[in-house]
Amino acid sequence: MSNLPIFDVAGSAMNAQSVRLSTIASNMANADSVAGTPEDTFRALQPVFSAEAVGARPELAGVRVTEVTQSEAPPIKRYEPGHPLADGEGYVYAPDIDPVAQMVDMISASRSYQANVEVFNTAKDLAMATLNMGR
């Protein structure tokens, strides 16, 4: 923890958005995957965030990822009898992932990360300007 808690707050938010971006990347990478059974199908991942007090100051809150959950949406059943992973009835199972929704979520996470980088940089510039006032 630093003497200037703004760095801790912005850093925690950047870390949370980084986890969010990683889960989105995993979802996008597996959006077109298929499996031979519903149980083996990839499930979309979603991070769960919560507020976290910064140090001993409860009025300052950062963000932390409490867990990464899997989607409960049932897989999409597709009839592809020639597919090597098809079950006895000719079906393969694909994850219920909407690539457009994932892209929108990725843009949001990227912009949130970028905003926190700006907060971090502005706080750094202000701290440096304050230190240089004594010269």
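Index from 1, following the sequence.
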S.K.: Is the backbone N or O of Ser33 less than 3.5 Å from a side-chain atom of Asn30, with the two atoms forming a donor-acceptor pair by type?
M.R.: no
S.K.: Taking all atoms of both residues into account, what is the closest heavy-atom pair of Val63 and Ala13, and its distance?
M.R.: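 Between these two residues, the closest heavy atoms are CB-CA, 4.4 Å.
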S.K.: Say whether Leu45 and Phe49 are linked into one hydrophobic cluster, either directly or through other cluster members, by side-chain heavy-atom distances under 4.5 angstrom.
M.R.: yes
S.K.: Work out which heavy atom in Pro5 is nearest to a heavy atom in Val54; give both atom names and the distance.
M.R.: CB-CG1, 4.0 Å
S.K.: Report the distance from atom OG1 of Thr23 to atom CD of Gln102, rounding to the nearest 0.5 Å.
M.R.: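 Result: 7.5 Å between the selected atoms.
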S.K.: I'd like to know if the side chain of Ser108 reaches the main chain of Val104, judged simply by a donor and an acceptor atom lying under 3.5 Å from each other, with no hydrogens or angles considered.
M.R.: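 Answer holds: no.
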S.K.: Starting at CD1 of Ile24, measure out to CD1 of Ile107 and round the result to the nearest 0.5 Å.
M.R.: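 Answer rounded to 0.5 Å: 10.0 Å.
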S.K.: Counting neighbours of CG on Asn121 that are heavy atoms of other residues, nucleotides or ligands and sit closer than 6.0 Å, is the number greater than 12?
M.R.: yes
S.K.: For Asp40 and Thr37, which I'm curious about, is there any donor-acceptor pair between the side chains at under 3.5 Å?
M.R.: yes
S.K.: Where do Pro47 and Val65 come nearest, in terms of heavy atoms and distance?
M.R.: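 It is CB-CG1, 4.1 Å.
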S.K.: To check you understand the geometry: which heavy-atom pair defines the closest contact between Arg43 and Pro38, and what is its length?
M.R.: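 Of all heavy-atom pairs spanning Arg43 and Pro38, the closest is NH2-O, 3.6 Å.
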S.K.: Under a 3.5 Å distance rule, please check whether Asn116 uses its side chain to pair with a backbone N or O of Ser112 as donor and acceptor.
M.R.: yes
S.K.: Is Asp105 salt-bridged to Arg20, going by a charged N under 4.0 Å from an acidic O?
M.R.: yes
S.K.: Hey, does Arg64 have a side-chain heavy atom less than 4.5 Å from the side chain of Thr66?
M.R.: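 Touching, per the 4.5 Å side-chain cut-off.
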S.K.: Less than 4.5 Å apart, any side-chain heavy atom of Met28 and any of Met106?
M.R.: no
S.K.: Of all heavy-atom pairs between Ser26 and Phe42, which one has the smallest distance, and what is that distance?
M.R.: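 Of all heavy-atom pairs spanning Ser26 and Phe42, the closest is OG-CZ, 3.7 Å.
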S.K.: Please tabulate, for the side chains in residues 69-77, all donor-acceptor contacts under 3.5 angstrom to protein atoms that are two or more places apart in sequence or on a different chain.
M.R.:
from	atom 1	to	atom 2	distance (Å)
Thr69	OG1	Gln46	O	3.1
Ser71	OG	Ala73	N	3.0

S.K.: Search all heavy atoms of Val68 against all heavy atoms of Val19 and return the closest pair with its distance.
M.R.: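 In this case the closest contact between Val68 and Val19 is CG2-CG1, 4.4 Å.
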S.K.: Side-chain donor-acceptor pair under 3.5 Å between Asp87 and Tyr93, yes or no?
M.R.: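 Indeed, the side chains of Asp87 and Tyr93 share at least one donor-acceptor pair under 3.5 Å.
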S.K.: side-chain contact (heavy atoms from CB on, under 4.5 Å), that's the test. Do Phe7 and Lys124 meet it? Break it down for me.
M.R.: CA-CA 8 Å; Phe7 294 115; Lys124 180 186 72 157; 4.2 Å; yes
S.K.: Can any side-chain N or O of Thr122 pair as donor or acceptor with the backbone N or O of Glu118 at less than 3.5 Å?
M.R.: yes
S.K.: When you measure from the side chain of Asn132 to the backbone N and O of Met128, does any donor-acceptor pair fall under 3.5 Å?
M.R.: yes
S.K.: Any chance you could measure Glu80, atom CD, to Tyr91, atom OH, to the nearest 0.5 Å?
M.R.: 11.5 Å
